[in-house]
Amino acid sequence: MQERENAVEHWLQTEVAATYDAYKADPTKAKPLDEVWKRLEARMEEIDREED
């Protein structure tokens, strides 16, 4: 469980933070919400597989 929490924390601090900064710099480049959810779910599944 700790490994997953560490992976999620790392992801939040790197990818999510960078994405947020990019959005604030140019909101016109934002992705549609359904696409974002699909990518988020895929990433969480990847983290789960790495944990096993």
Do you reckon Val16 sits in the same ILVMFWY cluster as Ile47, going by side-chain contacts under 4.5 Å, direct or chained? yes
Quick check on the hydrophobic clustering: are Val36 and Tyr20 connected, directly or via other members, by side-chain heavy-atom contacts under 4.5 Å?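 Different clusters.
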Heavy atoms, side chains only, cut-off 4.5 Å: are Glu5 and Met1 in contact? yes
Would you give the length of the straight line joining atom [atom1] of [X] to atom [atom2] of [Y], rounded to the nearest 0.5 angstrom?
X     : Y     : atom1 : atom2 : answer
Lys38 : Leu33 : NZ    : CG    : 11.0 Å
Arg4  : Asp48 : CZ    : CG    : 4.0 Å
Thr19 : Lys29 : OG1   : NZ    : 12.5 Å

Would you say that more than 12 heavy atoms from the other residues, nucleotides or ligands in this model lie under 6.0 Å from the CD of Glu35, or not?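 Counting other residues, nucleotides and ligands, CD of Glu35 exceeds 12 neighbours.
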On a heavy-atom basis, which atom in Arg43 and which in Glu15 lie closest, and how many Å separate them? NE-OE2, 4.0 Å
Output, in order, the C-alpha distance, side-chain angles, deciding distance and verdict of salt bridge (Lys or Arg N to Asp or Glu O under 4.0 Å) for Glu46 and Arg49. CA-CA 5 Å; Glu46 182 181 322; Arg49 283 191 302 275; 5.0 Å; no
